[in-house]
Number of protein chains: 2
Amino acid sequence: MTEAIQQIDETPLRADAARNRERILTAADAVFSERGADASLEDVAKRAKVGIGTLYRRFPTREALLGALCDERLLALAANSRTRDDVMDPGTSLRAFMIELVIHASHYQGLAVQLGTVLKSHTTGCHAGTAEGQRLLQRAQKAKAVAKDVSFDDLLCVITAISLAVEQGGAVKSRVTHLVDLFLGGIRTR
Amino acid sequence: MTEAIQQIDETPLRADAARNRERILTAADAVFSERGADASLEDVAKRAKVGIGTLYRRFPTREALLGALCDERLLALAANSRTRDDVMDPGTSLRAFMIELVIHASHYQGLAVQLGTVLKSHTTGCHAGTAEGQRLLQRAQKAKAVAKDVSFDDLLCVITAISLAVEQGGAVKSRVTHLVDLFLGGIRTR
DNA sequence: ATATTAAATGGAGCAATCCTCCACTTATAT
DNA sequence: ATATAAGTGGAGGATTGCTCCATTTAATAT
């Protein structure tokens, strides 16, 4: 699971704390995958074989935990996206990013609704994700591929909507791309 | 508050039961307005001066209660919408409906997430609302104002997402229309 | 009026969950 | 080896959800 340095603040974790942190993350991923993003945190602690107090000390809120869980995947997503700059035009690149983000947001049942909140949690990954999204949007707008009155929040709104749809109907990739294209039509300048 | 006949099933309520039903509804509206749609149902019962058991007997789930609360307003919304048939073209009419529904879904904090579920509760208002939505969509599609591969569920998701966005950033009407137009641009055939 | 009965009531009580607090344990720096 | 700051676990208070059933009450029949 996660291993990189995702401490934004000063002091590094003590060895045992770091170990527990990982166990909590793996447990949380398992539990959330099984029971959705609203699953009981006590269950997570139990599965991680860690006291509930430890969990709360490390992740004071559920969003913090979700944020940490998304960290890696968002980092990868952002990196991936930057890679595409060479091969894709701004519009297509943005489209690819959106599709990936939707798929990410459907990783746990119930994650979609929280996407906005989670992206605002202060992990490197979440930051990288939003930064990349903003960069792509701006780039696409400069290339006149996207109307200039579209904000990043608007984009998030679109992505949330699609994620919600996908969450209910089962995350078939073809459906995802279909919906993204459907709504891109509205975002694109005509 | 509510007074109309919204008994879908057989037997009419006993006098005391009907009285209590109303008190629960007024109390619920007050409590949900103050504390959001996830407020404690015990609080609602307390405010209605009714035992918690009574509340559950009448409204077995929170969705049922929310559904009943939305009943009136949805009825009005649907009626309003039908009125517009004469003055508006199908596309504009659908747009107006969506805007109104978003505003409705932002009536209580936390209502947006549940919109889909609530609309499926079996009250006359909820039924009228979805029926009207479907009618408008079909009408707009016949008029080639909307792509024919858009489903009503797609529409609902969009409305939910916009409501979520609006819920966080404060329900400024201009933002609502902006977002609706954004999505419509994509939904509309060009 | 009275009796009958089916509907309705209220709230005690169990279970789940959240989250805090703090007496104890342990890693690490000296 | 010791000191100490960081970390731990889990008991426990608070909130909420929801069920169950002994009692009350409205509606109806007599």
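In what follows, every chain begins at residue 1, and chains take the letters A, B, ... in the order their sequences are listed. Everything numeric here is computed off the predicted structure, so don't read it as measured data.
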N/O (side chain, Arg62(B)) to phosphate O (OP1/OP2, dT16(D)) under 4.0 Å: no
Short side-chain N/O contact from Thr11(A) to OP1 or OP2 of dA6(D), under 4.0 Å: no
In whole angstroms, the gap separating P of dC19(C) from OH of Tyr56(A) amounts to 4 Å
If you measure from the Lys or Arg side-chain nitrogens to the Asp or Glu carboxylate oxygens, is any gap between Asp29(A) and Arg73(A) under 4.0 Å? no
Pair Asp38(A) + Arg62(A): basic N to acidic O under 4.0 Å: no
Are there over 12 heavy-atom neighbours, none belonging to Glu34(A), within less than 6.0 Å of that residue's CD? yes
Ser81(B)-Glu132(B) side chain donor-acceptor pair, cut-off 3.5 Å: yes
Nearest whole Å is fine: how far is dT25(D) P from Arg19(B) CZ? 11 Å
Between dC18(C), dG17(D), dA8(C), which nucleotide gets closest to the side-chain atoms of Glu42(A)? dC18(C)
From dA12(C), dA27(D), dG9(D), nucleotide with atom closest to Ile52(B) side chain: dA12(C)
Rounding to a whole Å, what distance do you find between Lys49(B):NZ and dT9(C):C1'? 17 Å
Have a look at Thr54(B) and say if it touches a base, only the backbone sugar-phosphate, or nothing, with a 4.0 Å heavy-atom cut-off. base
I need the CG-C1' distance between Leu55(B) and dT9(C), as an integer number of Å. 12 Å
Note the angle between the end axes of the helix from dA1(C)-dT30(D) to dT30(C)-dA1(D), five pairs defining each, rounded to 10 degrees. 0°
Nearest to the side chain of Ala17(B) - dG10(C), dC18(C), dT9(C)? dT9(C)
More than 12 foreign heavy atoms under 6.0 Å from NE2 of His127(A): is that the case here? no
Go through dT9(C), dG7(D), dC19(C) for me and flag the one nearest to the Asn20(B) side chain. dT9(C)
How many whole angstroms separate atom CZ of Phe59(A) from atom P of dC18(C)? 16 Å
If you assign each of Ala15(B) and Asp43(B) to its closest nucleotide in DNA chain D, which residue comes earlier from the 5' end? Asp43(B)
Can we say Glu100(A) and Arg84(A) salt-bridge, meaning some charged N sits less than 4.0 Å from an Asp/Glu carboxylate O? yes
Gln141(A) side chain vs Ala147(A) backbone, donor-acceptor pair below 3.5 Å: yes
Nearest listed nucleotide, side chain of Asp16(A), among dT19(D), dG7(D), dT17(C): dG7(D)
Report yes if the side chains of Glu72(A) and Thr124(A) come closer than 4.5 Å at any heavy-atom pair, otherwise no. no
Heavy atoms under 4.0 Å, any strand shown: does Arg58(B) hit a base, just sugar-phosphate, or nothing? sugar-phosphate
Considering only side-chain heavy atoms of Arg57(B), which listed nucleotide, dA8(C), dT28(C), dC18(C), is closest? dA8(C)
Spacing of Lys46(B) atom NZ relative to dG17(D) atom P, expressed in whole Å: 11 Å
Between the side-chain atoms of Arg14(B) and the base atoms of dA8(C), is any donor-acceptor pair under 3.5 Å? no
Could you tell me how far apart Leu41(B) (CG) and dG11(C) (P) are, to the nearest whole angstrom? 17 Å
Quick one: Glu63(A) CD to dC18(C) P, roughly how many Å, whole number? 12 Å
